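Heads up: the structure comes next, in structure tokens.
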Amino acid sequence: MHALAGMSKLTALTLELLIQTSAQGIQDARTTIQTFQMMASHIEQDWRSSQFASIQNEDELSSDIKDTYKSIWSIFKTFLFSIIMVSDSALGAVVYVPPQALSSTEGPVTSHMLAKSVLQTLSHLSFVVSQFGGVTATATGDDPGFVELRKVFYIALDVLSAEEPSGEHRDFDSPKVTLYLLVI
């Protein structure tokens with residue numbers, strides 16, 4: 001798991017550089033986020049069908065299972081942090097790159113598509129995000145909370161709310177995007 005942080009940072013920096021220097025960069029970023037999305041979907045499905053999903057309090061577990069439970073949550077949090085790190089770099093880069101520079105010859109991949117993929121990925125991990133109090137509840141009192149999560153969430157919303165340069169229809173009524181916004 002320790003290598004994942006370094007790999008995530010390398011991926012984040014690589015995607016940021018690709019988006020800034022190549023029209024193919026946004027396609028690569030979307031492919032990466034979609035891979036995370038697919039993994040997060042499988043994790044969500046497996047979690048919901050596991051015996052651990054119904055655990056409300058860790059103290060309910062026997063000592064031999066408690067270590068496994070803690071390890072699983074450590075993996076979930078590490079995966080979420082990796083997604084946040086990569087998404088932050090990718091979304092941060094598309095915000096500052098002119099829309100015409102993001103045009104790919106391999107097909108129309110827009111910053112909106114990237115932002116939507118990020119939100120859908122986070123929606124699959126809403127059960128992990130909720131352990132941090134959700135997006136809006138992470139900054140209470142003197143504790144700034146999970147700042148990076150809020151930043152990625154709000155940048156994705158900013159990108160989605162911006163006008164499409166091609167005049168393309170924005171799909172705000174997408175069930176997954178709407179569901180994610182309702183859950184958070």
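Quick note: residue numbers are just sequence positions, from 1. Small disclaimer: the values here were computed from a predicted structure and weren't measured.
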For Lys77, which residues count as a salt bridge (charged side-chain N to carboxylate O under 4.0 Å, His left out) partner, sequence neighbours excluded?
-> none
Check whether any side-chain heavy atom of Val129 lies under 4.5 Å from a side-chain heavy atom of Phe153, and answer yes or no.
-> no
Identify the heavy atoms of Asp64 and Thr68 that sit nearest to each other, and give their distance.
-> O-OG1, 4.0 Å
NZ (Lys116) and OG (Ser111) are apart, to the nearest 0.5 Å, by 13.0 Å
Assert yes or no for the condition that the ring centre distance of Trp47 to Phe76 is strictly below 6.0 Å.
-> yes
Which atom of Ile19 lies closest to which atom of Ala29, heavy atoms considered | CD1-CB, 3.7 Å
Just do the side-chain contact (heavy atoms from CB on, under 4.5 Å) check on Gln120 and Gln34 with the steps written out, would you?
-> CA-CA 9 Å; Gln120 288 171 333; Gln34 284 179 323; over 6 Å; no
Supply the atom-to-atom distance Leu160 CG to Met113 CE, rounded to the nearest 0.5 angstrom.
-> 11.5 Å
Could you state the interatomic distance from CG (Leu15) to OG (Ser89), rounded to the nearest 0.5 Å?
-> 8.0 Å
Quick one: do Phe127 and Ile72 end up in the same hydrophobic cluster if we chain Ile, Leu, Val, Met, Phe, Trp and Tyr together by side-chain heavy atoms under 4.5 Å apart?
-> yes
At what distance, to the nearest 0.5 angstrom, does CD of Gln37 lie from CG of Leu119?
-> 10.0 Å
State the CZ-CD1 distance between Phe52 and Ile55, to the nearest 0.5 angstrom.
-> 7.0 Å
Under a 4.5 Å cut-off applied to non-hydrogen side-chain atoms, are Tyr154 and Asp158 in contact?
-> no
Between Ser74 (side chain) and Lys70 (backbone), is there a donor-acceptor pair under 3.5 Å?
-> no
One should read off an interatomic distance between Leu13 CG and Met85 CE, to the nearest 0.5 angstrom, of 9.0 Å
Walk me through it: do Val128 and Trp73 pass the test side-chain contact (heavy atoms from CB on, under 4.5 Å)?
-> CA-CA 8 Å; Val128 180; Trp73 274 102; 4.0 Å; yes
Ile155 side chain reached by Val118 side chain, heavy atoms, under 4.5 Å | no
Can you check side-chain contact (heavy atoms from CB on, under 4.5 Å) on Phe36 and Ile33, steps first, answer last?
-> CA-CA 5 Å; Phe36 279 142; Ile33 298 299; 4.3 Å; yes
Looking only at heavy atoms, which two atoms of Thr21 and Leu17 are closest? And how far apart?
-> OG1-O, 2.8 Å
Could you please spell out the steps behind the side-chain contact (heavy atoms from CB on, under 4.5 Å) verdict for Val159 and Leu114?
-> CA-CA 9 Å; Val159 169; Leu114 181 64; over 6 Å; no
Check: Ile84 main-chain N/O paired with Ser87 side-chain donor or acceptor under 3.5 Å | no
Among all residues two or more places apart in sequence or in another chain, which pass the ring-ring contact (aromatic ring centres under 6.0 Å, His included) test with Phe81?
-> Phe132, Phe146
Considering non-hydrogen atoms only, spot the tightest contact between Glu44 and Ser123 and give its length.
-> OE2-O, 4.2 Å
Common cluster, Ile83/Met38, ILVMFWY with side-chain heavy-atom separation under 4.5 Å = no
Results of salt bridge (charged side-chain N to carboxylate O under 4.0 Å, His left out) for Lys9 - residues two or more places apart only | none
Are any of the side-chain heavy atoms of Ile43 and His124 separated by less than 4.5 Å?
-> no
